Amino acid sequence: MIDVRDIKTRYDEIAKNIKDRYMNVDLEKIAADMDRRSALLSQTEALRARRNETASKMKGKIDPETRQALIEEGKAIKEELAAKEAELSAIDQVFQEEVRTIPNYYSPEAPIGKEDKDNLAIKFFGEPTRFPFKAKDHVQLGEDLDILDFESGAKVSGQKFYYIKNKGVILQMALERYAMDIVLKHGFTPFITPDIAKEEILQGIGFNPRGAESNIYTIEGTGTCLVGTAEITLGGYYSGEILDKKDLPIRMTGLSHCFRREAGGAGQYSKGLYRVHQFSKLEMFIYCLPEESDAFHKEILSIEEEIFQGLGIPYRIVDTATGDLGAPAYRKFDIEAWMPGRGDEGEYGEVTSTSNCTDYQARSLNIRYRDDDGKLKFVHMLNGTAMALSRAVVAVMENYQEEDGSIRIPEALVPYCGFDRIERK
RNA sequence: GGAGAGAUGUCCGAGUGGUCGAAGGAGCCGGACUCGAAAUCCGGUGUAGUGCUCUGCAUUACCGAGGGUUCGAAUCCCUCUCUCUCCGCCA
C-alpha cells in the first residue's frame with residue numbers, strides 16, 4: 001500500500017497514476033472517508049483522554065463520596081466512548097480496504113499505455129528460430145514423444161492440468177537445477193518455500209485472494225491460499241521485521257509450486273503448458289535500500305537474460321506499460337521467448353517477469369530497516385522469475401525440435417539431463 | 001491428535017488490577033579516561049498516529065492476535081495463532 005498521508009499531500013499525482021494505469025479507484029470517496037475517519041479518531045481520542053484522566057484521579061486514597069462520583073462519570077464516558085468507537089471502527093475498516101486499492105506509483109521511465117500491446121520492446125536477443133519444415137507446437141511434440149499427457153491431467157484433475165512423463169521429467173528437473181546454479185552464482189540464498197500462505201501475506205504482497213476475477217485458490221475455512229508464486233512466501237519471510245541495514249541487500253531464491261485459477265484464460269495463446277493451473281517456478285527476490293532498487297532491478301533482469309542466453313533461446317525484453325503493471329509494481333520488465341509453435345508462424349511468449357515494487361509491499365507487510373539517521377524506513381522489494389518451468393519447457397521443446405519430431409537438448413542442459421535428445425520410442 | 005508450559009521493547013528478561021511505556025541486562029548513540037583501542041565510568045536510547053505556541057510540548061494507541069469484565073487491564077476471563085516439553089501417529 002501507499003502511505004495514507006499521500007492522499008492529502010500527493011492527491012493529483014495519485015489521481016494521474018490511477019488514470020495512467022487505467023484503474024477504477026474512486027479517490028474522491030477515499031479522501032472523503034479519510035476526513036470522516038480522522039474527525040472520528042480525534043473525537044475518540046479526546047474521550048479516551050477524559051477516561052484516563054478520570055481513572056487516574058482514583059489512584060490514591062480518596063473519600064468514598066468523591067470516588068462514587070468519579071465512578072459515575074467514568075461509566076458515562078465509557079458508554080459514550082463505546083458508541084464512538086463502533087462508529088470509528090466501521091469507517092476505518094472501509095477506509096483501510098479502500099487505501100489498499102490505490103496502486104503504487106509508476107516509474108517516470110515506464111511507458112504509458114493501456115494493455116500488453118503497449119509494452120515497449122527494448123531489446124532483442126537472437127533471431128526467431130525458423131525451420132525448413134512446418135514447426136509443431138509443444139502439445140503435439142509432447143504427445144508424440146510421450147512426455148506430456150494433458151488428457152490424463154484433465155481426467156484426473158480437470159482442464160489445464162497435465163502430467164509430465166519420461167524424459168520430460170528429467171528435462172524439467174534439469175532446467176530447474178540449471179537455473180538454480182546460475183542464480184546461486186550471483187549470491188542468492190536458496191529456499192524451497194511453502195506452497196500455502198496466509199491471506200494477510202497474499203494481501204500484503206498485493207494479491208487479492210477473493211472475488212470472481214481472483215487468480216488465487218483459497219482453502220476454505222483456513223484463512224490460507226495456494227500460492228501463485230514464491231514471491232508471496234519470499235516476500236512474507238521478513239514480514240513485521242526490522243532488518244539490519246548491514247544485512248541489506250538480502251538476495252533469496254525460492255522454488256515453489258504455483259497455483260493459478262486462470263478463470264477465463266482459454267484460447268489459442270493459452271494452449272498446452274503455456275497457461276496451466278499448476279507449475280513449478282524458481283523465483284528471485286531482493287530486499288534492499290530504496291536508493292539501490294533500480295540497480296538491483298537491472299541485475300535481476302540481467303540474470304534472467306543470462307539464463308535464457310545460456311539455453312540459446314531467442315527472446316525480446318519488454319518494458320511493461322503502466323496499464324499492465326499490476327498495482328504493486330513501480331516498473332516491470334518481461335522476457336518473452338520466441339516460441340515457434342505459438343500462433344501460426346511463431347510468436348514471442350512471456351517466460352519471465354521482474355518487478356520493482358519499491359516500498360509498496362514493505363509498507364503493507366511492515367518490513368523496515370534502521371537508517372543511519374536512526375529512523376525506521378521501509379525497504380524496497382523486488383521479484384523476478386528465474387525460471388517458470390512450464391513455459392521454459394515450452395520454449396526448449398519448440399525451439400529445439402527436429403523435422404522428425406525429436407527434440408535436441410540445449411548444450412547447457414546436457415550435463416544436467418544425461419542425454420542429448422528426446423526421440424520417439 | 002492428547003496433556004502441560006509459554007509469547008513483554010532491537011535482543012535477553014522482570015512485572016499478576018491504578019504509583020507501568022513498562023525494572024535489570026545486552027546492543028546502539030554521545031561523553032569521560034587513553035597516543036589510539038579494549039576495559040571501566042557517566043548520560044541518552046521504543047513504535048505508530050494526532051494537535052499545537054513545532055530542533056520542542058501535549059495527547060492517543062501499542063506488552064502474540066481478537067473479543068470481554070472493570071471507573072481503570074501487560075496483569076483477570078474467553079477465543080484464536082504460534083513456540084517449547086511429554087505422549088500418540090507418521091513419509
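Below, all heavy atoms of this structure are taken into account, side chains as well, without hydrogens, waters or symmetry copies. Model, not experiment: these values are computed from the prediction. To find a chain, count down the sequence lines: A is the first, B the second, and so on, and within it residues start at 1.
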Could I get the full list of ring-ring contact (aromatic ring centres under 6.0 Å, His included) partners for A:F279, not counting sequence neighbours?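 Counting only residues at least two positions away or on another chain, A:F279 forms no ring-ring contact (aromatic ring centres under 6.0 Å, His included).
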
When you measure from the centre of the six-membered ring of A:Y274, is the NZ or CZ of A:R342 under 6.0 Å away and within 45° of the axis?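 Judged by the rule (NZ or CZ under 6.0 Å from the ring centre, within 45° of its axis), A:R342 counts as positioned above A:Y274.
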
Taking the six-membered ring for Trp and the single ring otherwise, decide whether the centroids of A:Y330 and A:Y106 are under 6.0 Å apart.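 Between A:Y106 and A:Y330, which both carry aromatic rings, the centre distance is not below 6.0 Å.
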
Under 3.5 Å on both distances, the Watson-Crick or G-U partner of [N]:
N	result
B:A73	none
B:U59	B:G49
B:C90	none
B:G36	none

Can you find an N or O donor on one side and an acceptor on the other, under 3.5 Å apart, linking the side chain of A:E45 with the base of B:G51?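 Not at all, since no donor on one side and acceptor on the other fall under 3.5 Å apart.
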
Determine the contact category for A:K75: base if any of its heavy atoms lies under 4.0 Å from a base atom, sugar-phosphate if only primed atoms, P, OP1 or OP2 are that close, otherwise nothing.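 Result for A:K75 = sugar-phosphate.
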
Rounding to the closest angstrom, what is the interatomic distance between B:U53 and B:U47 at atom C1'?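 Going atom to atom, C1' in each nucleotide, I get 27 Å.
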
Among [options], find the nucleotide with the atom closest to the side chain of [X].
X	options	answer
A:N52	B:U60, B:C71, B:U47	B:U60
A:R67	B:G49, B:G18, B:U59	B:G18
A:R370	B:C71, B:U47, B:A61	B:U47

